[in-house]
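Remember, it's a predicted structure, so these values are computed and weren't measured experimentally. Remember, it's 1-based here, ligands and their atoms both numbered in the order they're listed.
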Amino acid sequence: MSDQTYLDYNATAPLRPEAFELMSALMAAPHNASSVHGLGRAGRLAVEKAREQVAVLAGVPSTQVIFNSGATEANNTVIRYFRKDGPVLVSAIEHPSVLEAADDLIRIPVETNGVVDLNALEALLSEHKPALVSVMMVNNETGVIQPIAEISALAKKYGAMLHCDGVQAAGRIPINMAELGIDFLSLSAHKIGGPQGVGALVLGLCGITPSLLHGGGQEKSARAGTENVAGIAGFGVAAELASIEDYQNLAHLRDEMEARLREISPEIIIHGQNAPRVAGTSMLSLPGVKSETMLMALDLDGVAISNGSACSSGTVKTSHVLKAMGAADEVAGSALRISMGWNTSPEDIECFLAGWEKLYARLQDKVRAHA
Ligand code: PMP
């Protein structure tokens, strides 16, 4: 890996060396998991082992896991399936792969702390009688955790099913689909130390299998396309290594970091601080300074963080999540996200804080003039 201090795990996590090793071995030979010969059967074994490993992450039997190309595909698959027959409610802070998956999705507002407004949800359920509600378990920008069991109970009261984008929850908080009342769950390998371009749609017990790609009958005809054997196996390894306990230990680092940031720069606003948040995500704003300015300065200092909503072009876009939380444009436009994961050390946080202190010293006249 480069010698940059990497604090952008919510964008993508470094690949676990154990996943890399197994993937390299599998990629060295041709494994089509549908072939009947020995190499094919070895590929099949690798896929089925990974299915067991990923199922544990979601608290379901392995038969409920459908591998695909990632959470964007899983989100599109579910939303499009339900949208063709009627209205679908989605929270206003969803990832674009939910928000843009179909036209005219009805947005559920969130409160200023980033938690879905349950009263508004109930009013929308009663008005629109949707077949599906989609709310992410954990927001990728703020780390705010949604009250999924309550959301599910409300959805069920009005006869709707619940889809959750579980990308930022996997390996960070426990997931038990049956207990939480989740009917469909989207997962992505690369947020937990697996490879990019692999993920899963996990089915609850509602008996419906939404499907987007048709063809060769793979994944029991739920998702056609030759399986990405090495990628799926890497996903399995990452799922097995994901330790919620280790992840939750990052809360100490995060809390200490936020306290030091406040000491250095009292003007910062920490978003979602009064809501339940996952341990390793912190999103803050320094009003008066643009995100780009800070991101570039920190990058030059060897620290990789983001503003939480990088476009595919690599440019910086104002966060729709912060806007939905009621943040003013200039607050949303000055946001930074620090996100940690399996290989984050106290030294990484020290490097970031050292860079931040230097940056703030340069900017403080501007910040104070603005305050
Ligand atoms: N949902 C969330 C919450 C995400 O953070 C991401 C990745 N940025 C996605 C969906 C898309 O996942 P993938 O890269 O696997 O398509």
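Aromatic ring orientation, Phe352 versus Trp356: tilted (interplanar angle from 30° to 60°).
In terms of protein heavy atoms, atom 12 (O) of ligand 1 is closest to Ala71 CB, 3.4 Å. Annotation: atom 4 (C) of ligand 1 to nearest protein heavy atom, His95 CD2, 3.4 Å. The protein heavy-atom contact nearest to atom 11 (C) of ligand 1 is Thr72 OG1, 3.5 Å. Annotation: atom 15 (O) of ligand 1 to nearest protein heavy atom, Ser188 OG, 2.7 Å. The protein heavy atom nearest to atom 8 (N) of ligand 1 is Lys191 NZ, 2.7 Å.
In terms of N/O distances under 3.5 Å, ligand 1 is not approached by Ser69. Not one N or O of Glu73 is nearer than 3.5 Å to an N or O of ligand 1, by distance alone.
When non-hydrogen atoms are compared, ligand 1 lies under 4.0 Å from the side chain of His190 (C-beta onward) but not from its backbone. Counting heavy atoms under 4.0 Å from ligand 1, residue Gln168 touches it through the side chain alone. If you look at Val167 next to ligand 1, the close heavy atoms, those under 4.0 Å, all belong to the side chain.
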Which is it for Asn10 and Thr281 under the side chain to side chain donor-acceptor pair (under 3.5 Å) test, yes or no, and what are the steps along the way?
-> CA-CA 8 Å; Asn10 289 12; Thr281 300; 3.0 Å; yes
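The option with the heavy atom closest to atom 2 (C) of ligand 1, from among Asp165, Asn10, Val138, Asn140, is Asp165.
Residues Arg16 and Glu21 are not paired through a salt bridge, judged by the lack of any N-O separation under 4.0 Å between the basic side chain and the carboxylate.
Residues Tyr247 and Tyr9 keep their aromatic ring centres 6.0 Å or farther apart.
Listed by number with element, the atoms of ligand 1 under 4.0 Å from a non-hydrogen atom of Ser97 are 10 (C). Using a 4.0 Å cut-off to heavy atoms of Gly70, the atoms of ligand 1 that qualify are 15 (O). Residue Met136 approaches ligand 1 through these ligand atoms, each under 4.0 Å from one of its heavy atoms: 3 (C).
A heavy-atom distance below 4.5 Å is not found between the side chains of Arg107 and Leu89.
Panel note: side chain His37, backbone Gly40; a donor-acceptor pair is recorded below 3.5 Å.
Looking at Gln196 and Thr12, their side chains do bring a donor and an acceptor atom within 3.5 Å of each other. Looking only at atom types and distance, the side chain of Glu292 has no donor-acceptor partner in the side chain of Asn307 under 3.5 Å away. Checking Ser91 against Glu94 by side-chain atom types alone, a donor-acceptor pair falls below 3.5 Å.
The number of heavy atoms from other shown groups lying within 6.0 Å of NZ (Lys290) does not exceed 12.
Proximity of Gln196 to ligand 1 is not established, as no heavy-atom distance is less than 4.0 Å.
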